[in-house]
Amino acid sequence: MRGLEIPLGKRTKLYRFLEILPGALSYLMVVMLFVLSFINPVIGAVYLLIIVSSTLIKAIAVAFRTVQGYAMMERARKVNWRGRLTDLMDAKNRYAVLSKRKRQGIVAKVIDDEYNFCEHLENLRLINAGIKKCVQVDEIYHAIIMVAYNEDMDILRPTVQAVIDSDFDMKKVIFVFAYEERGGEKMKKYAKELKAEFEHNFYSFLTIMHPKDLKNEVIGKGPNLTYAGHALDKYILSTKIKKENVIVTSLDSDNKLDRQYLACVAYEFAVREDRQNVSYQPVSLFTNNVWDAPAPMRVIAISNSFFNVITSMRPHALRNFASHSQPLAALSAMDFWSKRTIVEDGHQFWRSLFFFKGKYEAISIRVPIYQDAVIETTLLKTLKAQFIQLRRWDYGASDVAYVGERLFKKEKRVMPFFELFPKFVRLLDGHVTLASMAPIVTFGGWIPLIMNQNSRTVLPHNLPNMMGMIQLFASFGLLIGILVSIRMLPGKPKKYTFVRWLSMILQWALIPIISIIYQSAAAFYAQTRLMLGKYMEKFDVTKKIVK
């Protein structure tokens, strides 16, 4: 759809201004500390304290949301979602049974402990009363599109197996192995092997090769997904399956579904009457191979996992990330994913929002999908690969222009200005903060004093000590994060000793260095490319070695 796509070639003046805006503001945030400190050290100190105070408040909120989100995720994982789906098929009797138990107090503890039990009971009541229309559960199908480029079989096979291990009827699952022609003969061979090995497990197993060098496409995941989506769409039309009852989940080749994921998504899809205007977002946890990763990569992987756990508790800020699920009918209507961006996941939120004219949301499926931390063949290659992955994610700053144009250009506006404006501000603020906060918080305490060494004002001289105290206070939030990370880790492989477990705690001392080298530098890199109009149009696949 031309109206939804990112422009090709020369941009309008407004679009170019909005592409420059994130980087310009990020640089300005840092430069202003120097300028204000040069003009007056007190003004510079006050500017710094305002920024750091806001960061401290966010750190407290992050600690609270991390604990809350992790507890919610663990409760959601323990639910028998397939059982709840079965309840929907017999809403009258199941409502009578469960409501009677509730009245008698038999399930008082279950009601307290089980995730959304009362909401499930209410769904049964509304369905039984004819107030809520529910999809026939036995008519719901999942379609899994697993994209691959040049990964080895030891990465691909476990991902397929994790789908099979799901607590869901596999004869209601269509598996699509979408591989790149760029991957060469190896990928064609793997496609045949996977189909031969696993085809009998599913309703159907499709292998779709995305041709290379198609017109108006970046080299990335989005074009592959879209090409496979069209093939899936055509296949569904040849069956008796109702297109509007098919839920499509995009998977990277290293993703492992939690066994409850498919049933949970099917349940949420069944009970929502706006189901076509919704995407279902899992919690992405980068823990598959976290014990094998070097310390810096472990910190980044767990920190990213924390971010996704926290975001699951903030519905107003939730957007698509990595793997997610969306109805096939909706995807087909909007021509699937964008073929012109390397960050098709986050961009899909905005694409869907504008297609549905603002009547769209991403909802949190608080059941995880497990992903790999970055591991290359050597430490140096791993460090480089991690930076490449983060700068690709941070290129999501390109969405600022995409959203801003539809906010400020009246003829492109498809939803009320004051509904979209807060979303635009949060998007812009997120990218500016990502780039600028780490260097300001780490080194800012010395700037007012360095810029005015002869100043006799007390505040600049005391600022480094004040910053140290604030950072010490903020470290309590980090301590909470460390404790949660220990709970989040998969079991320690037998090949590792207690020393490895201890290093999982000591590794957090690397946070200041990682924040500067990876978080901030990667964001500045992506935003600078946008400022200069040197667009990132190639999806650099990061390797995940299996040890």
ring-ring contact (aromatic ring centres under 6.0 Å, His included) against F354, all qualifying residues, sequence neighbours excluded: Y402
F177 and F205, any side-chain heavy atoms less than 4.5 Å apart: yes
T528 and Y27 side chains, donor-acceptor separation under 3.5 Å: yes
SB check K189 E185 (cutoff 4.0 Å): no
Nearest-0.5 Å distance that lies between atom OH in Y70 and atom CD in Q68: 15.0 Å
Side-chain heavy-atom pair E151, Y190 within 4.5 angstrom cut-off: no
Reported CG-to-OG distance for the pair L285 and S305, which is rounded to 0.5 angstrom: 5.0 Å
Tell me which donor-acceptor pairs under 3.5 Å the side chains of residues 434-441 have, and how far apart each pair is, sequence neighbours excluded?
unit_1 : atom_1 : unit_2 : atom_2 : d
S436   : OG     : V432   : O      : 2.8

Reference residue N320; test side chain to side chain donor-acceptor pair (under 3.5 Å); the match among S279, S352, S250: S279
Listing, residues 506-517 side-chain donor-acceptor contacts under 3.5 Å, not counting sequence neighbours, or none:
unit_1 : atom_1 : unit_2 : atom_2 : d
Q507   : OE1    : R298   : NE     : 2.6
Q507   : OE1    : R298   : NH2    : 3.0
Q507   : NE2    : M504   : O      : 3.3
W508   : NE1    : M504   : O      : 3.2
S515   : OG     : I511   : O      : 2.8

Residue pairs involving residues 379-397 (criterion salt bridge (Lys or Arg N to Asp or Glu O under 4.0 Å); sequence neighbours excluded): R391-D540
Any V374 side-chain heavy atom under 4.5 Å of F286 side chain: no
Any side-chain heavy-atom pair of E5 and S338 under 4.5 Å: yes
Parallel, tilted or perpendicular: rings of F387 and Y525 (30°, 60°): perpendicular
Contact check, side chains of Q326 and Y360, non-hydrogen atoms, under 4.5 Å: yes
Partner residues of H431 under the side-chain hydrogen bond (donor to acceptor under 3.5 Å, both in side chains) criterion, sequence neighbours left out: none
Salt bridge (Lys or Arg N to Asp or Glu O under 4.0 Å) pairs, two or more places apart, involving residues 206-224: R182-D213, K221-D252, K221-E344
F306 side chain reached by S485 side chain, heavy atoms, under 4.5 Å: yes
